[in-house]
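Position 1 is the first residue of the sequence; numbering continues from there. Remember, it's a predicted structure, so these values are computed and weren't measured experimentally.
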Amino acid sequence: MERYLVTGGAGFIGSNITESLLKDGAFVRVLDNFITGKRENIDGFKEMYSSGFELVEGDLRDSKIVARASEGVDYILHQGALPSVPRSVEDPVLTNEINVGGTLNVLIAARDSGVKRVVFASSSSIYGDTPELPKREDMPPSPKSPYALQKLAAEFYCRLFYELYGLQTISLRYFNVFGPRQDPGSMYAAVIPKFVTAMLNGERPVVFGDGKQTRDFTYIDNVVRANRQACHAPADSCGKAINVACRKKYSLIDLLENLESITGISPNPVFEPPAPGDVRDSMADISLAERYLSFEVSVGFKEGLERTVRWYEKVLKKAF
């Protein structure tokens, strides 16, 4: 039985990864402090997978807890972070402590406990606002926010630990992940859960900017698959940063039009000034993912949106 540690395993991405691994018979230990993760995301895992699931409640900034959580596992899927560009603009010190310092604690613990490989959740935000599309991993990074810079610094730590200590690491640069369990309630929430829940609640979604900015929206199942395949990717993938996306771009206006088609609800958006640190256009080249991870897009944008809307419809129905 393979043994995994998923940091941030009660969060949106982490809980989906955890569930996928548990369903396939792996042992999964989750480390989460529940600042942004939610207990309901992992409710039932202990009962359904009694011998295969363990929760360690703790903070990435606590090196002793991270070391304890890393003992006896084969792979660490490091999803834990304090996400959001706006949050990092408001509080760069706290986000740095968790996103950079916490990652360093994970890497030290992995090295010292003999973990086979660490897969790190990085971000497309490291590319910044350079006009060239698609974004390739060999492009010079140009972060526009503390969050983007923190993810880049953590990537460099991952590569350094591979080169210095032989700890196998792979960084996955996520592009605008969406899907079930993504929290719409936070002031830092991503655009898709905000738009979907606003429309389902009869509210007008807020668009920051003119709505023509584009994103490579990536459904959660694709990200789960990339993480799992990264654990067993060939050795020459180690030390690298690899894009995980769908190689397509959609504007926020496109997004609203698709949501109107799915829900039958006219969005009637409210337009506000652009958010600080926001990137204008984003789309990935996924050639390296195809080469090293045997990555394929399993769920496209429109199908992912339909699944996401149906999930939020069920959640909102339960709330009333």
Discussion item. In the structure I gave you, are the side-chain heavy atoms of P205 and V270 within less than 4.5 Å of one another anywhere?
Written reply: no

Worksheet entry | Ionic contact status for D59 with R61, cut-off 4.0 Å | yes

Discussion item. Could you report the tightest heavy-atom contact between P193 and P184, atom names first, then the distance?
Written reply: O-CB, 3.6 Å

Practice prompt. Would you check if L167 and V118 make a side-chain contact, meaning some heavy-atom pair closer than 4.5 Å?
Written response: yes

Item to complete: Decide whether a cation-pi geometry holds between R117 and Y75; the criteria are a distance under 6.0 Å from NZ or CZ to the six-membered ring centre and an angle within 45° of the ring axis.
Response: no

Worksheet item: Just by distance, do the side chain of N201 and the backbone of E203 share a donor-acceptor pair under 3.5 Å?
Response: no

Fill in: Main-chain N/O of A241 paired to S171 side chain as donor or acceptor, under 3.5 Å
no

Worksheet item: Could you walk me through whether E155 and R173 pass the salt bridge (Lys or Arg N to Asp or Glu O under 4.0 Å) check?
Response: CA-CA 9 Å; E155 277 190 15; R173 291 177 179 169; 2.7 Å; yes

Discussion item. Can you confirm whether K248 is buried at NZ, in the sense that more than 12 heavy atoms of other residues, nucleotides or ligands lie under 6.0 Å from that atom?
Written reply: no

Worksheet entry | salt bridge (Lys or Arg N to Asp or Glu O under 4.0 Å) assessment of R310 paired with E313 | CA-CA 5 Å; R310 302 310 167 214; E313 286 175 337; 3.1 Å; yes

Fill in: Flag, side chain of D278 to backbone of P274, donor-acceptor distance under 3.5 Å
no

Practice prompt. Kindly indicate whether a cation-pi arrangement holds for R111 with F161, taking the cut-offs as under 6.0 Å to the six-membered ring centre and within 45° of the axis.
Written response: no

Worksheet item: Is any side-chain heavy atom of Y49 less than 4.5 Å from a side-chain heavy atom of K23?
Response: yes

Worksheet item: Should N96 and V93 count as side-chain neighbours, where that means a heavy-atom distance under 4.5 Å?
Response: no

Fill in: Partner of Y219 under ring-ring contact (aromatic ring centres under 6.0 Å, His included), chosen from F178, F175, W311
F178

Fill in: Distance-minimising heavy-atom pair for A109 and A67
CB-CA, 3.8 Å

Practice prompt. Could you walk me through whether T169 and V119 pass side chain to side chain contact (heavy atoms under 4.5 Å, CB included), step by step?
Written response: CA-CA 6 Å; T169 63; V119 180; over 6 Å; no

Worksheet item: Between D281 (side chain) and L133 (backbone), is there a donor-acceptor pair under 3.5 Å?
Response: no

Worksheet item: Which atom pair, heavy atoms only, marks the closest approach of A10 to I42?
Response: CA-CG2, 3.9 Å

Worksheet item: Would you call D210-R280 a salt bridge at under 4.0 Å N-O?
Response: yes

Discussion item. Between K46 and F53 (side chain of the first, backbone of the second, donor and acceptor by atom type, cut-off under 3.5 Å), is there such a pair?
Written reply: yes

Item to complete: Indicate yes or no for a side-chain donor-acceptor contact from R3 to the backbone of G72 under 3.5 Å, with no hydrogens or angles considered.
Response: yes

Worksheet item: Would you say the side chain of F12 lies within less than 4.5 Å of the side chain of K38, judging by non-hydrogen atoms?
Response: no

Item to complete: Would you mind listing every side chain to side chain donor-acceptor pair (under 3.5 Å) that reaches into residues 259-271, with sequence neighbours excluded?
Response: none

Worksheet entry | Pair N227-Q79, side-chain donor/acceptor within less than 3.5 Å | yes

Fill in: Flag, side chain of R29 to backbone of T7, donor-acceptor distance under 3.5 Å
no

Worksheet item: Going through the checks in order, is the side-chain hydrogen bond (donor to acceptor under 3.5 Å, both in side chains) test met by D221 and S298?
Response: CA-CA 7 Å; D221 285 15; S298 60; 5.5 Å; no

Fill in: Any residue meeting side chain to side chain donor-acceptor pair (under 3.5 Å) with S20, in chain and number order, not counting sequence neighbours
R228

Item to complete: Indicate yes or no: does K249 engage D254 in a salt bridge with an N to O separation below 4.0 Å.
Response: no

Fill in: Hydrophobic cluster membership, V115 vs I170, 4.5 Å side-chain cutoff
no

Discussion item. With a 4.5 Å cut-off on side-chain heavy atoms, are T218 and D216 touching?
Written reply: yes

Worksheet item: Do you know the tightest heavy-atom contact between T130 and S142?
Response: CG2-CB, 4.1 Å

Item to complete: State whether the side chain of N243 and the backbone N or O of A284 hold a donor-acceptor pair below 3.5 Å, judged by distance alone.
Response: no

Practice prompt. Report yes if the side chains of Q213 and L252 come closer than 4.5 Å at any heavy-atom pair, otherwise no.
Written response: yes

Worksheet item: Y250 vs F301 aromatic rings, parallel, tilted or perpendicular, using cut-offs 30° and 60°?
Response: parallel

Discussion item. Strictly below 4.0 Å, N to O, side chains only: are K64 and D62 in salt-bridge contact?
Written reply: no

Item to complete: Quick one: closest heavy-atom pair of T95 and Q150, and the distance?
Response: OG1-NE2, 3.0 Å

Practice prompt. Measure centre to centre between the rings of Y4 and F27, then say whether the value is under 6.0 Å.
Written response: no

Worksheet item: Hey, quick one: are V196 and F208 part of the same hydrophobic cluster, counting side-chain heavy atoms closer than 4.5 Å, chains of contacts allowed?
Response: no

Worksheet item: Is there a side-chain contact between F217 and V191 (heavy atoms, below 4.5 Å)?
Response: yes

Discussion item. So which atom in Q229 and which in S294 form the shortest heavy-atom distance, rounded to 0.1 Å?
Written reply: NE2-O, 3.3 Å

Practice prompt. Determine yes or no for a side-chain-to-main-chain donor-acceptor pair under 3.5 angstrom, with E290 supplying the side chain and F295 the backbone.
Written response: no

Item to complete: Look only at the side chain of S88 and the backbone of V85, and say whether a donor-acceptor pair between them is shorter than 3.5 Å.
Response: yes

